[in-house]
Amino acid sequence: MNICVIGAGYVGLITALCFGKKENKVVCVEKNRDKLNMLKNGVPTIFEEGLEELLKESLNTNSVKFTDNLEMGIKSSDILFIAVGTPTKDNWDVDIGQVEAVINLISPYINKYKVVVTKSTVPVGTQKYITSKLLENHVSKEYFDVVSNPEFLREGKAIYDFFYGDKIVIGSESQKAFEVMRKLYEPFKIKMVLTNPETAELIKYTSNALLSVKISFMNEIANLCNKACADIDVIAYALGLDKRISPLFLKAGIGYGGSCFPKDTKALVKMSENYNCSLNIVKATVDVNEKQRVLPVDILLEHYKIIEGKTVAILGLTFKPDTDDIREAPSLYIIEKLLKNKVNIKAYDPMGTKKIKNIFPDITYCDGMYECLENCDAMIICTEWNEFYSIDLCKVKEIMRESVIIDGRNMLDIEKIKEANIKAYYSVGKGNIKN
Ligand code: UDX
């Protein structure tokens, strides 16, 4: 089929390449010249498993063409995917300005029947709004149908998720559009949920909110575990054996980050308020996460009472391992709070340093974890990078000024901590040790 994907950001790029792999002809329209040149030359614009190979293959087979020529992209395609950013405003409303701009830009070129699909995460009612905008722009009713088709891609596993996801959600009012979408997704052999646009839009928010609820819930229980001498990992394991709960997304830590959970939970709360229907559980989930992500600083304050002038090592800056993405990473909030308390910060991350340097140019960035720990009064593990699992605790004890460890991701083995005679160890729900 002939497809046009508008926006070569994270979602747009993956969508374009994955459809290209399934024998479609894809045009991916991107207005940012630098990004466009990189993609045309087979250089990935984001870090994602398997992306470089897929990009190169798509260019070689000519299945995906990158361009800034919107007119050509629209006129040559039967299905138009809108994959532009929908950030959350400070008041938690979703900013659909970029979607609106795209609708205005594409309207003049819709010269025959096309299915206009929203991949971007948009609030309930956006598909109706897009329909009214297209009609307002004098696009004939016979020339388009509007579809909501949200994505559920995890960063780092996005290509895998696109091909082997659990579900495909399609929301529309049109049987004709359903048939087009069914044909497009048929080769993926993934279960499809066909529904109305409002339900599809809400499925995306509900999915991210429920996963966030699970995390915040476990984090609150973890905080109780520390006081009650219980072990959160054992609780999570036991809960996960119950098929009704599932073992996934029960890992306690210093909260969720990334480009979706923080933004979508807030947007859902705001959206519900606009409908005069308060979502208290989601609201509490956001509150719990905002407290949880700075928990290491609270622990540090409790441990030292005065932390001004201390030197703290931050291990891990990205919001999760195997990505260079620092959006809404707990490390950002921890560093901000430490700086307010006049703490000296040394930081190490295998991939996220370049991006975080733009936000905090004045802290000390290190090339390795041991260099980072030298002469520090505490270390905070913010991200569970694989290399931290094998950290040599005897060496840690030797090179740190004070071996105080705050393990925000419950990575370290308490028995080994005891053996190495570490001065203090704080976990999230697996107990603390103080010597
Ligand atoms: C998420 C959703 O999984 C995906 O379906 C959606 O489309 C976009 O948002 P992503 O942001 O890439 O994907 O990350 P994910 O792996 O889901 O983790 C999100 C955050 O939750 C991370 O900060 C992670 O550390 C945290 N998390 C996850 C926990 O704290 N505990 C868990 O058990 C699982």
One thing to verify: whether [Y] and [X] come together as a salt bridge, which I'm taking to mean a side-chain N less than 4.0 angstrom from a carboxylate O.
X    : Y    : answer
K189 : E186 : yes
D324 : K355 : yes
K31  : D68  : no
D233 : K251 : yes
E415 : K418 : yes

Less than 3.5 Å apart, any donor N or O on the side chain of [X] or [Y] sitting next to an acceptor on the other?
X    : Y    : answer
N410 : E384 : no
Y256 : E328 : no
Y304 : E402 : no
N219 : S216 : no
K346 : T311 : no
Y426 : E302 : no
N149 : K119 : yes
N32  : D34  : no
T15  : E151 : no

Practice problem: Evaluate ring-ring contact (aromatic ring centres under 6.0 Å, His included) for F360 paired with Y365, printing each intermediate quantity in order. | Solution: CA-CA 10 Å; F360 301 110; Y365 294 95; 8.5 Å; no
Output yes when a side-chain donor or acceptor of [X] lies under 3.5 Å from a complementary backbone atom of [Y], and no otherwise.
X    : Y    : value
E48  : G156 : yes
R409 : C382 : yes
K337 : V297 : no
N2   : V26  : no
T265 : P262 : yes
K40  : K35  : no
N432 : N226 : no
T118 : S120 : no
S212 : N208 : yes
Y333 : K291 : no

Would a 4.5 Å heavy-atom cut-off, applied to side chains only, mark [X] and [Y] as touching?
X    : Y    : value
Y205 : V94  : yes
N375 : M400 : no
I14  : I159 : yes
Y425 : I414 : yes
V11  : T121 : no
D93  : T88  : no
V404 : D377 : no
S331 : I326 : no

[X] atom [atom1]: more than 12 heavy-atom contacts under 6.0 Å:
X    : atom1 : value
N386 : CG    : no
K128 : NZ    : no
K21  : NZ    : no
K25  : NZ    : yes
K89  : NZ    : yes
K191 : NZ    : no
Y389 : OH    : yes
K266 : NZ    : yes

Quiz item: Going from CD1 on I422 to CG on D407, what distance comes out if it is rounded to the nearest 0.5 angstrom?
Solution: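 Output value for this atom pair is 11.5 Å.
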Do you know which two heavy atoms are closest between [X] and [Y], and how far apart they sit?
X    : Y    : value
S390 : Y370 : O-OH, 4.3 Å
I363 : A347 : CD1-CB, 4.2 Å
T126 : P123 : OG1-O, 2.6 Å
I254 : P330 : O-CG, 3.5 Å

Quiz item: N341 and L301: side chain to side chain contact (heavy atoms under 4.5 Å, CB included), yes or no, with the steps?
Solution: CA-CA 9 Å; N341 281 279; L301 278 163; 4.1 Å; yes
Exercise. For K157 and E49, run salt bridge (Lys or Arg N to Asp or Glu O under 4.0 Å): C-alpha distance rounded to whole Å, both residues' side-chain angles, the deciding distance at 0.1 Å, then the answer.
Key: CA-CA 6 Å; K157 299 275 176 273; E49 202 176 285; 3.2 Å; yes
Quiz prompt | F249 and F217 aromatic centres sub-6.0 Å | solution =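 No, the ring of F249 stays outside the 6.0 Å limit from the ring of F217, centre to centre.
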Exercise. Given salt bridge (Lys or Arg N to Asp or Glu O under 4.0 Å), test E155 with R327 step by step and report yes or no.
Key: CA-CA 12 Å; E155 272 184 43; R327 282 177 289 178; 3.6 Å; yes
Quiz item: Mind checking whether F163 and F188 have parallel, tilted or perpendicular rings, split at 30° and 60°?
Solution: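 The rings of F163 and F188 lie parallel, inter-plane angle below 30°.
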